[in-house]
Amino acid sequence: MCVVASVQTMYGDKRLEKYRRHPFGLIVIDESHHATAATYRKVIDYFRDLNPSLKVVGITATPNRADGAALGIVFESEAYQMSIGDAIGEGWLVPIEQEYVVCEAINYDGIKTKKNEFGEADFSGAALEDVMKEEEAIHAVAKPLVEKTGDRPTLVFCAGVEHAHLMAAVLNRYKPDSAAAVDGKTDPLARKKAVADFAAGRLQYLTNCMVFTEGFDA
């Protein structure tokens with residue numbers, strides 16, 4: 001038997017009890033950098049108590065956690081690793097082509113930094129959004145964005161939810177009906193339509209903050 005489930009639906013006591021008669025031999029965890037959380041560990045511990053021979057395999061593209069928690073809490077060894085360079089070289093990932101655009105109107109002085117999910121110093125999200133959602137800053141980003149993207153479909157990652165909606169509004173001033181913003185509270189039907197319109201070419205820009213990050217495929 002194979003069960004595909006989210007941790008949110010699996011970790012409840014009633015749901016776990018339902019599978020007491022089925023001591024799984026293997027659990028595969030996608031995005032396994034989350035596996036140190038109490039919810040994941042509860043599921044793993046439950047099934048390991050039922051079957052001490054249980055194998056747990058984790059798969060993730062982001063093995064570093066912002067809170068510094070070691071994945072060794074859950075996993076005993078690293079079975080396989082592929083670098084981004086190797087994945088690009090072997091055709092699994094699209095080659096990265098990066099271009100910097102200098103926006104003189106944006107001033108980052110005074111913005112505090114903190115460690116991000118990769119353990120690297122990064123700007124504080126709220127403070128960065130306060131700067132980026134200013135009218136002058138939005139236009140400083142939107143204008144070259146429109147010029148450089150041409151007619152290509154483009155995902156736009158913003159500093160916050162409000163910034164994403166403001167950016168979509170400004171992009172629509174430059175190119176009417178070209179952009180839509182999606183956030184975590186967007187109505188599911190509206191989100192589905194926005195993604196479908198983006199995939200079909202009816203929308204050129206999808207602006208978001210931390211929505212289209214893990215596993216998005218248009």
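Computation of the quantities below employed the complete heavy-atom set of this structure, encompassing side-chain atoms and omitting hydrogens, waters and symmetry-equivalent molecules.
Counted within 6.0 Å of CD1 on I84, heavy atoms from surrounding residues, nucleotides or ligands total 12 or fewer; the atom is thus considered open. Residue E147 places its CD atom among more than 12 non-hydrogen atoms of other residues, nucleotides or ligands, all under 6.0 Å distant. Heavy atoms from other residues, nucleotides or ligands lying under 6.0 Å from CG of D187 number more than 12. In this structure, K133 places its NZ atom where more than 12 heavy-atom neighbours from other residues, nucleotides or ligands lie under 6.0 Å away. Atom CD of E17 sits in a crowded spot, with more than 12 heavy atoms from other residues, nucleotides or ligands closer than 6.0 Å. Counting non-hydrogen atoms of neighbouring residues, nucleotides and ligands closer than 6.0 angstrom, the CD1 atom of I96 reaches no more than 12 such neighbours. Other residues, nucleotides and ligands place more than 12 heavy atoms under 6.0 Å from the CZ atom of F47. Environment of NZ in K175: crowded, with over 12 heavy atoms of neighbouring residues, nucleotides or ligands closer than 6.0 Å.
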Side chain to side chain contact (heavy atoms under 4.5 Å, CB included) between K55 and I27, intermediate numbers included: CA-CA 6 Å; K55 303 297 183 184; I27 293 178; over 6 Å; no
Does Y205 form a side chain to side chain donor-acceptor pair (under 3.5 Å) with T149? I'd like the steps, not just the answer. CA-CA 10 Å; Y205 303 100; T149 54; 2.7 Å; yes
Evaluate side chain to side chain contact (heavy atoms under 4.5 Å, CB included) for M10 paired with V3, printing each intermediate quantity in order. CA-CA 10 Å; M10 182 58 79; V3 175; 4.0 Å; yes
Is there a side chain to side chain contact (heavy atoms under 4.5 Å, CB included) between M132 and M167? Walk through the geometry before answering. CA-CA 9 Å; M132 295 302 297; M167 179 61 71; 6.0 Å; no
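A pairwise comparison of heavy atoms in G58 and S32 identifies C-OG, 3.3 Å as the closest pair. The two residues N51 and F24 make their nearest non-hydrogen contact at ND2-O, 3.1 Å. Counting all heavy atoms, side chain and backbone alike, R191 lies closest to T186 at N-CG2, 3.8 Å. Among all heavy-atom pairs drawn from H34 and Y40, the shortest one is O-CD1, 3.2 Å. Heavy atoms only, all atoms of each residue included: A164 and A181 are closest at O-CB, 3.6 Å. What you find for L54 and R48 is that their closest heavy atoms are CD2-N, 3.7 Å.
Interatomic distance, F198 CZ to L203 CG, rounded to the nearest 0.5 Å: 8.5 Å. Put simply, OG1 on T213 and CG on N208 are 7.5 Å apart, with the number rounded to the nearest 0.5 Å. The CD atom of E136 lies 10.5 Å from the SG atom of C103; values are rounded to the nearest 0.5 Å. Between E76 atom CD and L71 atom CG the span is 13.5 Å, to the nearest 0.5 Å. Distance check: D30 CG to H33 NE2 gives 9.0 Å after rounding to the nearest 0.5 Å. Residue C2 holds its SG atom at 9.0 Å from CG of L26, rounded to the nearest 0.5 Å.
At least one side-chain heavy atom of K42 sits less than 4.5 Å from a side-chain heavy atom of D13. A 4.5 Å side-chain heavy-atom check between V141 and V156 finds every atom pair outside the cut-off. A 4.5 Å side-chain heavy-atom check between Y46 and R20 finds at least one atom pair inside the cut-off. Proximity of L171 to V146: side-chain heavy atoms (C-beta onward) are separated by under 4.5 Å at one or more points. Side-chain atoms of V195 and F212, non-hydrogen and from C-beta on, do get closer than 4.5 Å to each other. Looking only at side-chain heavy atoms (C-beta outward), V57 and I29 stay at 4.5 Å or farther from each other. Contact annotation: the side chain of H165 never approaches that of T207 to less than 4.5 Å [non-hydrogen atoms, C-beta and beyond]. For the pair L128 and Y108, the minimum side-chain heavy-atom distance is below 4.5 Å.
Side-chain atoms of Q204 come within 3.5 Å of backbone N or O of R152 as a donor-acceptor pair. Distance alone, capped at 3.5 Å, is enough to place a donor-acceptor pair between the T60 side chain and the T62 backbone. Remark: side-chain polar atoms of E129 are paired, donor with acceptor, to backbone N or O of H163 under 3.5 angstrom. Judged by distance alone, the side chain of N172 and the main-chain N or O of S178 form a donor-acceptor pair under 3.5 Å. Distance alone, capped at 3.5 Å, places no donor-acceptor pair between the D183 side chain and the V161 backbone.
Taking hydrophobic clusters as Ile, Leu, Val, Met, Phe, Trp and Tyr residues chained together by side-chain heavy-atom distances below 4.5 Å, L145 does not share a cluster with F157. By the rule that hydrophobic residues join a cluster once side-chain heavy atoms approach within less than 4.5 Å of another member, I106 and L166 end up as members of one cluster. Following chains of ILVMFWY side-chain contacts shorter than 4.5 Å, one can reach V7 starting from L50, so the two form part of one hydrophobic cluster. At a threshold of 4.5 Å between side-chain heavy atoms, the hydrophobic network of Ile, Leu, Val, Met, Phe, Trp and Tyr places V182 and F216 in one connected group. Residues Y80 and L93 are members of separate hydrophobic clusters, defined by side-chain heavy-atom contacts under 4.5 angstrom among Ile, Leu, Val, Met, Phe, Trp and Tyr.
At a threshold of 4.0 Å, the pair D197-K193 counts as salt-bridged, since one of the basic side-chain nitrogens sits closer than that to a carboxylate oxygen.
In summary, the side chains of Y100 and Q98 do present a donor paired with an acceptor at a separation below 3.5 Å, with no hydrogens or angles considered.
Residues in residues 83-97 take part in these side chain to side chain donor-acceptor pair (under 3.5 Å) pairs, two or more places apart or across chains: S83-D86.
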